[in-house]
Amino acid sequence: MNSSLDEDGKDLFEGCGREGPICGIFLSEFHHIAGPKIVYQYPPDVISKEIFDAISTYIIPKTHLQRLTITINALGKKVIGYPIQIKNAKYSRNAYYFNTCFICDAWARTVQYEQVLVKFAEFFHLLESENQFLSLQEEGQSIEGQLEEIFKSVLQGLNGPHRECSIVVGGKSSRLLKLKVVAAVLYDPPKVQNHQVPVFVTDVKPIEKWDLTTQQLIPFMDGFNHVAKIGHLAVVDTSLIKVCLQNLLYYRVIKLIPIFQYSNTYVTTPDIHRKLITGNPNLKTECIEFVARLDHTIPHFSDIVRFYCDMKRGVTIKDLCTRYRTIPARPGSPIRIPSITDSGKYSDHSLSSSTQSNISTKSYSNPTTPIRLRAVAQSQIYTRYQQESYTIHDVIDERQLVLFGLVHGFLRRIGKYPILQLPQQRHPSFSLTISSTVVSGSEDGKDNLLKHRKKYSGLYTMFTGDFSYDEICLANEMSQVELDEMIERDPDVVVIWK
C-alpha cells in the first residue's frame, strides 16, 4: 500500500479520504506505427516512460472503454484518464485515439476531478474536430508550446485557492476553456435551521460569481447573525436563505455554528492540544490576530489558551468576562501602530477574508473584517498604551475567540434541552396531566399550573429533549431568561445539558 505522512504526522493512504493536488497533466495518443505514446506532459518528466509503458493498456484502452473515466493506481501514481476515439476515414486506421490525464498522489481522493477532466478532454475533442489541433503534430506541426501554456494554466488554476481557471486557445477559431473543481462531498449537505449561524471558511470574492440571492445575503453573514436574523436584515424569505446556505455548504464555503450568547457554556475538545497548542505555528499566529480586541496591541498566546481552558461546564462566557476584567494581561507582541493608510489588520486564510473597509470602526461584514483605527495621532496612541494597564478582557475579544474555536473544532457548545417528565409527553400525544409531585395539598397551585400548561401548550410540545433553548426561543419569540422562568414554575420540566 502506498502511504505517506501529512503535516500532522498522520498516515496518508488510498482510501483515507483526503484530497490531494494535481501533480501533473499529460496528453497521450495512439500512433499508428509506434503505438501508445505521450504527446506532451507538464511538468516535464512527471511520469516516466517505464510507468507509462506499464499502464499504457489502460491509457489507450479498447473501444468499449472509450468515453469512460478510468482511474489507475499503480507504481506510486494515481492517473485519471478519459479516453476518446474519433472515427474518421482521414485518420490512419480510420480513427484517432487520444487521452487527457491528470496525475495525482497515490493516496489522494480524486473523484472531485473527474467532471473537470471530462470537460477538459471534450474541449480537446472539439479542437480536434474543428481544425485537427491534436493530429496536426503528426504532420510535423509542433503543438508543444500551446500545450505547455494550456497545461500550466490549468494546473496552477485548479491547484490555486479558487480552484478554477480560464484560458483562450487560439487557432482558426478561438475557444474559451473554463474549468472549476467542485469540492467533493461524501454526503448531502444537512438541513439548515433558523437558529444556526453561517460562517465563511473560504474566500467568497468576487461575490458576483454567486446568484443574486446569495449576493444579497453575504453582507449580513458575519459569523454571529443566525438564519432568521439574516432573513430579517436582508428582507429575504428564510426558505430561500436555507436553499442558498445549503448550496454554500455543498461547496464547503461555510460552516454552521450555534448562536453566540453570553449565557452560553462551552468546553474544549482534545483537538485544542493537537491543533492549537502543539500544532501548526501559523494557526497560532492566526488565532492571536483574529481574537485581538485592539489593533495596536496583540494578546499573549498563553492568555488565549488560559481563556479557552477555563471554558468548562457550568461556567458561562459572562462569568469568564467578569473574571478576566480583573486579571492583568501578559505583555504580548510589541506595539504596532498602523498608519491611516494601513491595508488592514491581517488576512486569515483559515477563515474568510473580506473586502477592505474604509470605515474607522470595526465592521462585521465578514468574520475577519480588518479593524481600522480612527484618525488619531500615532503619538497619542502610543502614550495611551504606555499609560494604561490592560486586562485580559481588554485585549481578547471573547466573541472572536469563541468563533475561532468553533470553526476549527477545538471548542464546542454545551446546549440546554428541556424535557417534560410525564408518561405521555411527546407530540402529538401530548398530555396536560399533572404529576402527583406537583404542589401537593394546594388545589390552587395545581389549577394555576394546569392553566399555565394549556396557555403554552405549543411550547410544551417542544419539551422532548430534542429541541435546544435556541430552537425553542426562536420559534416562540422569547428570551432564554423568560424560558428559564417558565421552566422554574413547572417541577415536571427538567433541563439536560449536552
Side-chain angles (χ1 to χ4, degrees), residues 193-199 222-229 255-269 272 276 287-288 290-294 297 299-330 332 351 361-362 364 367 369 371 388-418 467-489 493-498:
Q193 305 295 333
N194 286 343
H195 65 282
Q196 293 177 312
V197 178
V199 182
D222 62 357
F224 301 103
N225 291 334
H226 53 75
V227 172
K229 186 174 182 179
K255 283 186 177 181
L256 297 176
I257 63 173
I259 298 173
F260 176 87
Q261 296 187 84
Y262 283 94
S263 59
N264 290 354
T265 298
Y266 300 89
V267 294
T268 55
T269 68
I272 190 172
L276 184 63
C287 180
I288 291 171
F290 188 78
V291 306
R293 188 186 299 275
L294 305 174
T297 186
H300 198 281
F301 181 67
S302 63
D303 285 340
I304 295 174
V305 174
R306 180 180 181 180
F307 209 132
Y308 273 130
C309 293
D310 279 345
M311 295 183 185
K312 302 173 183 177
R313 294 178 183 269
V315 180
T316 66
I317 295 297
K318 181 180 179 180
D319 296 335
L320 292 176
C321 290
T322 302
R323 181 188 308 171
Y324 284 122
R325 281 192 177 98
T326 61
I327 300 177
R330 295 186 61 183
L351 298 175
T361 57
K362 195 167 188 178
Y364 289 113
T369 299
I371 296 175
E388 292 182 1
S389 176
Y390 289 110
T391 64
I392 293 178
H393 184 263
D394 290 333
V395 297
I396 296 179
D397 188 329
E398 65 279 356
R399 286 158 54 95
Q400 300 291 86
L401 186 76
V402 170
L403 175 58
F404 193 88
L406 291 173
V407 168
H408 287 280
F410 47 77
L411 196 68
R412 72 179 183 91
R413 181 183 169 187
I414 303 296
K416 298 167 68 176
Y417 296 80
F467 300 94
S468 67
Y469 261 47
D470 289 343
E471 295 174 86
I472 296 172
C473 290
L474 198 59
N476 294 275
E477 297 182 350
M478 61 191 312
S479 68
Q480 291 201 10
V481 175
E482 293 173 329
L483 182 57
D484 280 331
E485 292 175 352
M486 184 175 295
I487 290 175
E488 286 294 327
R489 294 180 58 185
V493 178
V494 296
V495 177
I496 61 173
W497 298 71
K498 62 180 180 178

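Just so you know, residue 1 is the first one in the sequence shown, and it goes up from there.
When the side chain to side chain contact (heavy atoms under 4.5 Å, CB included) test is applied to Q261, the partners found at least two apart in sequence or on another chain are I259, S263, N264, D470, Q480. Qualifying salt bridge (Lys or Arg N to Asp or Glu O under 4.0 Å) partners for D319, counting only residues two or more places apart in sequence or in other chains: none. In this structure Y324 satisfies the ring pair (Phe, Tyr, Trp, His ring centres under 6.0 Å) test together with F307, sequence neighbours excluded. Residues forming a side chain to side chain contact (heavy atoms under 4.5 Å, CB included) with C321 (at least two apart in sequence, or on another chain): Y262, I317, R325, H393, E398. Residues satisfying the side chain to side chain donor-acceptor pair (under 3.5 Å) test with S302, not counting sequence neighbours, are H300, R330. Residues passing the salt bridge (Lys or Arg N to Asp or Glu O under 4.0 Å) test with E471: none are found, sequence neighbours excluded. Applying the ring pair (Phe, Tyr, Trp, His ring centres under 6.0 Å) criterion to F410, with sequence neighbours excluded, gives Y308. With sequence neighbours left out, the side chain to side chain contact (heavy atoms under 4.5 Å, CB included) criterion links D484 to K416, Y469. Residues forming a salt bridge (Lys or Arg N to Asp or Glu O under 4.0 Å) with R306 (at least two apart in sequence, or on another chain): none. Under the side chain to side chain contact (heavy atoms under 4.5 Å, CB included) criterion, D394 pairs with Y390, T391, sequence neighbours left out.
Taking NE2 from H195 and CG from L256, the interatomic distance works out to 9.0 Å, rounded to the nearest 0.5 Å. Annotation: the span from M311 atom CE to T316 atom OG1 amounts to 10.5 Å, rounded to 0.5 Å. The CG atom of L474 lies 13.0 Å from the CZ atom of F467; values are rounded to the nearest 0.5 Å. Atom NE2 in H408 sits 7.5 Å away from atom SG in C287 (nearest 0.5 Å). For the atom pair CZ of F404 and CD1 of I288, the computed distance is 9.5 Å after rounding to the nearest 0.5 Å. One finds the CD1 atom of I414 at 11.5 Å from the CD1 atom of I496 (value rounded to the nearest 0.5 Å).
Looking at D303, its side chain never comes within 3.5 Å of a backbone N or O of P299 through a donor-acceptor pair. In this structure a side-chain-to-backbone donor-acceptor pair under 3.5 Å is present from Q196 to Q193. Distance alone, capped at 3.5 Å, places no donor-acceptor pair between the E485 side chain and the E482 backbone. When atom types are taken as modelled, the side chain of T269 and the backbone of G409 share a donor-acceptor pair closer than 3.5 angstrom.
Here the closest heavy-atom approach between residue A329 and residue V395 is recorded as CB-CG2, 3.9 Å. When all heavy atoms are compared, the tightest approach of L406 to P258 is CD1-CD, 4.1 Å. Minimum interatomic distance between R323 and I327 (heavy atoms only, all atoms of both residues): O-CG1, 3.5 Å. Of all heavy-atom pairs between P418 and V493, the closest is CB-CG1, 4.1 Å. Across every non-hydrogen atom of I396 and R293, the tightest pair is O-NH2, 2.8 Å.
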Check against side-chain contact (heavy atoms from CB on, under 4.5 Å), I304 and L401
CA-CA 8 Å; I304 295 174; L401 186 76; 3.7 Å; yes
Trace of the side-chain contact (heavy atoms from CB on, under 4.5 Å) decision for T265 with R413
CA-CA 6 Å; T265 298; R413 181 183 169 187; over 6 Å; no
Any chance you could lay out the side-chain contact (heavy atoms from CB on, under 4.5 Å) test for Y417 and I472, step after step, and finish with the verdict?
CA-CA 9 Å; Y417 296 80; I472 296 172; over 6 Å; no
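Judged by the 6.0 Å distance and 45° axis criteria, R399 is positioned over the aromatic ring of F224.
In this structure the side chain of D310 never reaches within 4.5 angstrom of the side chain of V315, judged on heavy atoms.
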